[in-house]
Number of protein chains: 2
Amino acid sequence: MHDDLSPLCGRFLAAADLLGRRWTGVILRILMDGPRRFGELAQGIGTISERVLSERLKDLEAEGIIERHVDPGPPIRSEYRLTQKGQDFWKVIDELGKWAERWVELKPAPAPAQAPARSVAVKAARATPRKRKTA
Amino acid sequence: MHDDLSPLCGRFLAAADLLGRRWTGVILRILMDGPRRFGELAQGIGTISERVLSERLKDLEAEGIIERHVDPGPPIRSEYRLTQKGQDFWKVIDELGKWAERWVELKPAPAPAQAPARSVAVKAARATPRKRKTA
DNA sequence: GGCCATCACTTACTTTTAGGAAGTTGCTTG
DNA sequence: CAAGCAACTTCCTAAAAGTAAGTGATGGCC
């Protein structure tokens, strides 16, 4: 199997828990391109609610992954940017992006008689309730 | 900044949405070490509820990331293992682990004294409510 | 054969988190 | 002074996760 995986310890659990909150990965991905303001993030993600964006930003700031800079030059604007800890996350985001490019199909193959993967049809692009199972 | 990040497209959103569900990363991390049974995963994670583990496993199977093999050899046992798509997720998990090693501090040591070796089956400890903010 | 135990899940019910949208604050523009 | 941003909050509802108890197919033991 794989030889040098980090052990499953508390550290990993904490990191997975962080990324396990909805939108965290996407926010980080956007900030990898440079500082962004609240509204830009909201627009960039498109389907996140402002309530949650605000919450996530606070979480990330509390973790020391991003920093908030308020520019009071009259039109008060705040800007979020990655700290070194956040910058360092880029490889995770990059690998996730590569995996997505390789494996995520944007269109659910109708009848893959022998196709290997069924793939995650881009349902994430909508403000999806993630799954609408009435069961 | 970083030069070759994959663009923020639907594929990335879908992948981030997948990892954005609690426990997904941890389950994948454990399966990277080889096939595991339901109970082993439950124990390995420790604080996941069986209800959610079952759900997550179904999700992952539906995405074609893991496969479920039922071994009916009398003591009926099921085993979960990664598909190629799942194996390929290795680098993401690995980078996440490395980042965690570098940046995550195990600060809140809520060690209830130092229990001798009560080890397993101690369900007494409630699963982390992720944050118990009274504010 | 009756009884308890294990494994792999379900079901029923509760708490936490996320989504939708309107409201707030501070300042600018018409 | 009404209107409009930007950046958040607040309120209320809808999903997701947590907790515990139950189910069904063995298998052991006495």
Side-chain angles (χ1 to χ4, degrees), chain A residues 13 16-27 35-61 66 68-81 123-135, chain B residues 13 16-27 35-61 66-81 120-135:
Chain A
L13 277 263
D17 197 49
L18 180 80
L19 212 50
R21 297 176 189 193
R22 211 177 179 186
W23 303 118
T24 304
V26 183
I27 291 170
R36 290 287 185 278
R37 292 188 288 116
F38 188 90
E40 293 178 306
L41 285 165
Q43 260 205 291
I45 300 172
T47 54
I48 190 175
S49 71
E50 300 189 341
R51 199 192 67 75
V52 176
L53 175 56
S54 172
E55 200 173 282
R56 218 71 336 148
L57 256 11
K58 276 189 180 59
D59 291 347
L60 256 11
E61 195 187 354
I66 64 174
R68 177 164 175 271
H69 292 274
V70 181
D71 172 6
I76 183 174
R77 287 154 185 292
S78 58
E79 196 178 70
Y80 296 89
R81 57 181 57 181
K123 54 195 167 193
R126 294 185 35 219
T128 44
R130 201 165 232 174
K131 221 166 197 177
R132 185 77 65 138
K133 66 170 78 172
T134 344
Chain B
L13 289 212
D17 198 48
L18 179 79
L19 213 50
R21 297 174 188 196
R22 211 177 178 187
W23 304 119
T24 304
V26 183
I27 292 170
R36 289 288 184 279
R37 292 189 286 117
F38 187 89
E40 293 178 307
L41 285 165
Q43 260 204 293
I45 300 173
T47 54
I48 189 175
S49 71
E50 299 189 339
R51 197 189 72 72
V52 176
L53 175 56
S54 173
E55 199 172 284
R56 217 71 336 147
L57 255 12
K58 276 189 181 60
D59 290 347
L60 255 12
E61 195 188 353
I66 65 175
E67 284 177 332
R68 177 166 174 269
H69 293 273
V70 181
D71 171 6
I76 183 176
R77 287 156 183 291
S78 59
E79 198 179 69
Y80 296 88
R81 58 182 56 184
V120 266
V122 183
K123 242 184 172 181
R126 305 201 333 136
T128 50
R130 198 165 232 174
K131 220 170 197 179
R132 186 70 67 139
K133 67 172 89 173
T134 345

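Because the structure is a prediction, the values reported are computed rather than measured. Sequence lines set the chain letters: A, B, ... in the order given, protein chains first and strands last, and positions in each chain run from 1.
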Electrostatic pair B:E79-B:R77, nearest N-O below 4.0 angstrom: no

Whole-Å distance separating the CH2 atom of A:W23 from the P atom of C:dG20: 9 Å

Whole angstrom value for the distance that separates C1' of D:dA6 from CG of A:L53: 13 Å

Distance below 4.0 Å between B:S54 side-chain N/O and C:dA8 OP1 or OP2: no

Separation between CG of B:L53 and CH2 of B:W23, rounded to the nearest 0.5 Å: 10.0 Å

Integer-rounded Å distance: D:dC8 C1' and A:Q43 CD: 16 Å

Atom of A:R37, atom of A:S78 and distance for their closest heavy-atom approach: CG-O, 3.0 Å

Between P of D:dC8 and CD of A:E61, the distance in whole Å: 9 Å

Pair of N/O donor and acceptor under 3.5 Å linking C:dA18 base with A:R51 side chain: yes

d(CD1, A:I48; C1', C:dT17) in whole Å: 12 Å

C:dC7 OP1/OP2 closer than 4.0 Å to side-chain N/O of B:S78: no

Minimum-distance pair of heavy atoms, taken over all atoms of A:T24 and A:L18: OG1-O, 3.3 Å

Atom-pair distance (CZ on A:F38; C1' on C:dT24), nearest Å: 14 Å

d(CZ, B:R56; P, C:dC9) in whole Å: 15 Å

Between D:dA7 (P) and A:R68 (CZ): distance, integer Å: 9 Å

Any B:K58 side-chain nitrogen or oxygen under 4.0 Å from OP1 or OP2 of C:dA8: no

Closest to the B:R37 side chain, choosing from C:dC7, C:dA18, D:dC8: C:dC7

Touch class at under 4.0 angstrom, heavy-atom based, for B:S49 against every strand present: base

A:R56 to A:R22 - nearest heavy-atom pair and separation: NH1-O, 3.1 Å

Earlier contact from the 5' end, DNA chain C, for A:E50 and A:G20: A:G20

